[in-house]
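Heads up: the structure comes next, in structure tokens.
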Amino acid sequence: MISIIVAGSGSSGNCTVLKDNKTGKALVVDCGISPPPLLRFEDVVGVLITHSHNDHVHNIRELRSKPIYGTKEELTVDKVRKALYDDYSNVTYVTSLSKYEIGPFTITPYSAEHDTPNPVHYKIETKDDSVWYGCDACSYDDEVVFAAATSCKKIMLECNYDEDLMEEDNHFI
């Protein structure tokens, strides 16, 4: 089974941990704030980035030694590039509908609609469980995305959206 631990969700910062209960391994989804303190750093097998708003990437510097997954367009925006110190050795660029193995997890990104260059949702699976992680404030009118989301045993929709804050997206940097 996959446990879902929400460290924070809101315009001040988003971070969710998906933990495989069999292996103890974990994925961090977005890192606008730090992961929960009880999460052992050595258990983190990867960091998934949905999009490049500050409330989703502000603490990426803290996790840059872990494998980071996201679209090239989202991970090469200036604020992310600077936070990674231009070191992309731990970065894997994902593309929609391609599968990636990360520890005990299989992830499949799906194109999302948002006001950043190329945001994605993620379907995260283990042998016995599946979680849909929905990107910030997106619609589900695409049949492929809707079918993928509704095929999961668990659904996590991260839906905060503060228009004024997003216009001032550099307030953390």
Side-chain angles (χ1 to χ4, degrees), residues 1-9 13-53 55-75 80 83-84 87-112 114 116 118-136 138 140 142 144-159:
M1 296 295 290
I2 299 173
S3 294
I4 301 171
I5 303 138
V6 178
S9 179
N14 298 278
C15 181
T16 300
V17 175
L18 302 179
K19 186 173 182 180
D20 177 36
N21 293 332
K22 285 186 178 176
T23 65
K25 298 303 180 187
L27 284 174
V28 174
V29 184
D30 290 329
C31 49
I33 60 172
S34 296
L38 295 177
L39 176 67
R40 293 176 354 140
F41 192 73
E42 59 268 20
D43 291 339
V44 176
V45 294
V47 179
L48 307 180
I49 302 298
T50 60
H51 65 288
S52 58
H53 280 157
D55 61 327
H56 292 260
V57 298
H58 177 65
N59 278 2
I60 198 168
R61 180 177 290 136
E62 180 181 332
L63 295 165
R64 73 182 181 280
S65 66
K66 295 295 181 179
I68 297 172
Y69 297 80
T71 64
K72 182 175 185 177
E73 295 83 356
E74 297 294 337
L75 294 179
V80 174
L84 295 176
D87 179 3
Y88 281 80
S89 58
N90 290 333
V91 170
T92 298
Y93 298 127
V94 301
T95 56
S96 185
L97 303 179
S98 295
K99 290 189 181 227
Y100 302 86
E101 301 293 325
I102 307 170
F105 303 97
T106 300
I107 66 156
T108 308
Y110 287 82
S111 293
H114 202 23
T116 60
N118 190 12
V120 288
H121 307 290
Y122 288 102
K123 182 176 183 178
I124 299 119
E125 301 172 278
T126 59
K127 291 181 182 186
D128 60 359
D129 208 356
S130 56
V131 175
W132 178 263
Y133 189 91
C135 176
D136 205 357
C138 294
Y140 287 85
D142 178 286
V144 172
V145 171
F146 184 78
T150 57
S151 72
C152 292
K153 293 179 181 178
K154 300 171 183 162
I155 296 176
M156 170 68 188
L157 299 177
E158 200 288 302
C159 295

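One is the number of the first residue; the rest follow in order along the sequence.
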Quiz item: Is there a side chain to side chain contact (heavy atoms under 4.5 Å, CB included) between Val29 and Leu18 once you walk through the steps?
Solution: CA-CA 8 Å; Val29 184; Leu18 302 179; 4.0 Å; yes
Quiz item: For the side chain of Lys154 and the backbone of Ile2, is there at least one donor-acceptor N/O pair under 3.5 Å apart?
Solution: yes
Practice problem: List for me each residue that meets side-chain contact (heavy atoms from CB on, under 4.5 Å) alongside Thr150, sequence neighbours excluded, and say none if there are none. | Solution: Phe146
Quiz item: Of all heavy-atom pairs between Tyr93 and Thr71, which one has the smallest distance, and what is that distance?
Solution: CD2-C, 4.0 Å
Practice problem: Decide whether a cation-pi geometry holds between Lys72 and Tyr88; the criteria are a distance under 6.0 Å from NZ or CZ to the six-membered ring centre and an angle within 45° of the ring axis. | Solution: no
Quiz item: Nearest heavy-atom pair of Ile60 and Val80: which atoms, and what distance?
Solution: CD1-CG1, 4.1 Å
Practice problem: Using atom types as modelled and distance alone, determine if a side-chain donor or acceptor of Asn59 lies under 3.5 Å from a backbone N or O of Glu62. | Solution: no
Self-check item: Donor on one side chain, acceptor on other, Ser130 and Glu125, under 3.5 Å
Solution: no
Self-check item: Tyr100 vs Thr92 side-chain heavy atoms within contact, under 4.5 Å
Solution: yes
Quiz item: Which pairs with one or both residues in residues 22-51 pass salt bridge (Lys or Arg N to Asp or Glu O under 4.0 Å), sequence neighbours excluded?
Solution: Lys22-Asp128, Arg40-Glu42, Arg40-Asp43
Quiz item: Shortest non-hydrogen contact from Ile155 to Ala149?
Solution: CD1-O, 3.5 Å
Quiz item: Do the side chains of Ile124 and Leu48 get nearer than 4.5 Å, heavy atoms only?
Solution: yes
Quiz prompt | Test item: side-chain donor near acceptor, Lys123 and Thr106, under 3.5 Å | solution = no
Quiz item: Between Asp87 and Arg64, does at least one N-O distance fall below 4.0 Å, as a salt bridge requires?
Solution: no
Quiz item: After noting the C-alpha distance and the side-chain angles of Leu27 and Val17, does the key distance pass the side chain to side chain contact (heavy atoms under 4.5 Å, CB included) rule?
Solution: CA-CA 6 Å; Leu27 284 174; Val17 175; over 6 Å; no
Practice problem: Could you tell me whether the side chains of Glu74 and His56 share a donor-acceptor contact shorter than 3.5 Å? | Solution: no
Practice problem: Nearest 0.5 Å please: distance from the CG atom of Leu75 over to the CG atom of Leu84. | Solution: 7.0 Å
Exercise. Start with the C-alpha distance between Val131 and Tyr122, add both sets of side-chain angles, then the distance that settles side chain to side chain contact (heavy atoms under 4.5 Å, CB included), and finish with yes or no.
Key: CA-CA 8 Å; Val131 175; Tyr122 288 102; over 6 Å; no
Exercise. Check salt bridge (charged side-chain N to carboxylate O under 4.0 Å, His left out) between Lys153 and all other residues, then give those that pass, not counting sequence neighbours.
Key: none
Exercise. With Asn14 as reference, evaluate Val57, Ile33, Asp55, Val6 under the side-chain contact (heavy atoms from CB on, under 4.5 Å) test and give the passing residue.
Key: Asp55
Quiz item: At what distance, to the nearest 0.5 angstrom, does OG of Ser9 lie from CG of Leu157?
Solution: 10.0 Å
Quiz item: What's the spacing between Glu73 CD and Asn118 CG if we round to 0.5 Å?
Solution: 4.0 Å
Quiz item: Using the ring of each side chain (for Trp, its six-membered ring), is His53 parallel, tilted or perpendicular to His114, with breaks at 30° and 60°?
Solution: perpendicular
Practice problem: Search all heavy atoms of Asn90 against all heavy atoms of Lys66 and return the closest pair with its distance. | Solution: CB-O, 3.5 Å
Quiz item: Do you know the tightest heavy-atom contact between Pro109 and Thr95?
Solution: CG-O, 3.6 Å
Self-check item: Step-by-step side chain to side chain donor-acceptor pair (under 3.5 Å) determination, Thr23 to Asp20
Solution: CA-CA 6 Å; Thr23 65; Asp20 177 36; 2.7 Å; yes
Practice problem: Locate the shortest heavy-atom distance separating Leu39 from Ala26; write the atom from each residue and the value. | Solution: CD1-CB, 3.8 Å
Quiz item: Atom OG in Ser52, atom NE2 in His58: separation rounded to 0.5 Å?
Solution: 14.5 Å
Quiz item: So with a 6.0 Å cut-off around NZ of Lys19, is the heavy-atom count from everything else above 12?
Solution: no
Quiz prompt | Test log, rule side chain to side chain contact (heavy atoms under 4.5 Å, CB included), inputs Phe105 and Val45 | solution = CA-CA 9 Å; Phe105 303 97; Val45 294; 4.0 Å; yes
Practice problem: For the residue pair Leu63 and Pro35, establish whether any side-chain heavy-atom pair is separated by less than 4.5 Å. | Solution: yes
Practice problem: Decide whether Glu158 and Thr50 meet the rule of one side-chain donor and one side-chain acceptor closer than 3.5 Å. | Solution: no
Quiz prompt | Validation row, ring centre Trp132 to ring centre Tyr110 under 6.0 Å | solution = yes
